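To keep things clear, I will list the structure first and then write my remarks on it.
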Amino acid sequence: MTNKFADHLPLYRSEDIFARAGMMIPRNTQFGMLVNIAALVAPLIALMKSRIVSGRVLGVDDTSVRLQDLALPGKIRTARFWLYPGREDHPYNVFDFTESRGRDGPAGFLKDFHGHAVVDAYRQLQGSSGRRLPAMRPRQKAF
């Protein structure tokens, strides 16, 4: 876990590190461990998300990541991680992954959010809730 998420090492490098220490932990075993851990922390992530969307103001930003598409062998396409930062009362960030930059990703995450989202000027975020305020200050979007 530390190698993958704190040190940002790919699994093949962790495999080499473990091998040097005399432990044979192949990548597919490490991947299985990550899948099991993801299932265990799912309730925690749901709680974090519910607290993030319970506020009146929420920041939203995205960053591109490279996605290897198994349907297109040898091809890489662009996917997105969406950042929803916390506040003082819950000082953590929640990330959501989508395979595109379409509005369905943020709209799904924000379906229970009823405040104002501080966003960049990216068009897909506009109107993702289906309603608008008559007048909004720059960089704010009502959901």
Side-chain angles (χ1 to χ4, degrees), residues 1-21 23-72 75-143:
M1 289 293 294
T2 302
N3 283 353
K4 180 71 178 158
F5 297 109
D7 299 336
H8 309 287
L9 293 178
L11 296 179
Y12 75 89
R13 288 197 182 147
S14 294
E15 185 178 28
D16 293 343
I17 291 168
F18 291 134
R20 284 195 303 270
M23 298 179 285
M24 301 308 296
I25 306 176
R27 281 175 268 178
N28 60 346
T29 301
Q30 293 178 58
F31 181 77
M33 291 174 180
L34 293 174
V35 169
N36 291 335
I37 290 167
L40 290 173
V41 299
L44 175 62
I45 293 168
L47 175 64
M48 291 168 67
K49 177 187 171 190
S50 72
R51 289 184 176 173
I52 290 281
V53 299
S54 68
R56 292 178 26 185
V57 177
L58 173 65
V60 181
D61 197 11
D62 70 313
T63 189
S64 61
V65 292
R66 296 174 58 189
L67 175 65
Q68 187 175 6
D69 193 338
L70 298 178
L72 303 168
K75 300 289 182 179
I76 301 292
R77 59 189 180 94
T78 302
R80 298 280 168 190
F81 271 114
W82 297 86
L83 166 65
Y84 302 91
R87 298 180 302 275
E88 280 187 26
D89 56 338
H90 45 273
Y92 43 78
N93 299 323
V94 175
F95 291 86
D96 190 37
F97 174 80
T98 60
E99 291 191 19
S100 74
R101 201 176 189 196
R103 71 176 60 185
D104 55 332
F109 189 93
L110 297 171
K111 70 180 188 275
D112 297 325
F113 180 66
H114 301 290
H116 293 275
V118 179
V119 301
D120 60 16
Y122 181 53
R123 230 178 70 189
Q124 295 300 80
L125 289 172
Q126 297 174 6
S128 63
S129 68
R131 60 189 170 92
R132 295 173 183 243
L133 286 181
M136 290 186 297
R137 287 177 279 179
R139 300 187 54 83
Q140 287 192 353
K141 170 74 184 109
F143 284 88

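These numbers were taken from a predicted model, which means no experiment stands behind them. In what follows, residues are counted from 1 in the order of the sequence shown.
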Please report the C-alpha distance between Thr98 and Asp62 in whole Å, then the side-chain angles of each, then the deciding distance to 0.1 Å, and finally whether the side chain to side chain contact (heavy atoms under 4.5 Å, CB included) criterion is met. CA-CA 10 Å; Thr98 60; Asp62 70 313; over 6 Å; no

Trp82 vs Leu110, test: side chain to side chain contact (heavy atoms under 4.5 Å, CB included). Steps then yes/no.
CA-CA 11 Å; Trp82 297 86; Leu110 297 171; over 6 Å; no

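Taking CZ of Arg13 as the reference point, atom CZ of Arg27 lies at 11.5 Å (rounded to 0.5 Å). Residue Leu9 holds its CG atom at 10.5 Å from CG of Asp16, rounded to the nearest 0.5 Å. To the nearest 0.5 Å, atom CG of residue Leu67 and atom CD1 of residue Ile76 are 7.5 Å apart. One finds the CD atom of Glu15 at 6.5 Å from the CE atom of Met24 (value rounded to the nearest 0.5 Å).
Nearest heavy atom pair, residue Asp112 against residue His114, reads O-CD2, 3.3 Å. The minimum heavy-atom distance between Asp96 and Gly105, with the atom names listed, is OD2-O, 4.0 Å. When all heavy atoms of Asp89 and Pro91 are compared, the pair lying nearest together is C-CD, 3.9 Å. For Pro85 against Gly59, the heavy-atom pair with the smallest separation is CD-O, 3.1 Å.
The aromatic rings of Phe81 and Phe95 sit perpendicular, their planes meeting at an angle over 60°, well past the 30° parallel limit.
Heavy-atom neighbours of Arg77 CZ from other residues, nucleotides or ligands within 6.0 Å: above the threshold of 12. Counting heavy atoms of neighbouring residues, nucleotides and ligands inside a 6.0 Å radius, atom OH of Tyr92 exceeds 12 of them.
Side-chain contact between Met33 and Ile25 is present, with at least one heavy-atom pair separated by less than 4.5 Å. The shortest distance between side-chain heavy atoms of Arg80 and Thr78 falls below 4.5 Å. Counting heavy atoms from C-beta on, the side chains of Tyr84 and Phe109 come closer than 4.5 Å.
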Expected list for residues 37-52: side-chain donor-acceptor pairs under 3.5 angstrom, two or more places apart:
unit_1, atom_1, unit_2, atom_2, d
Ser50, OG, Leu47, O, 2.8

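Screening residues 29-39 for side chain to side chain donor-acceptor pair (under 3.5 Å), with sequence neighbours left out, gives no hits.
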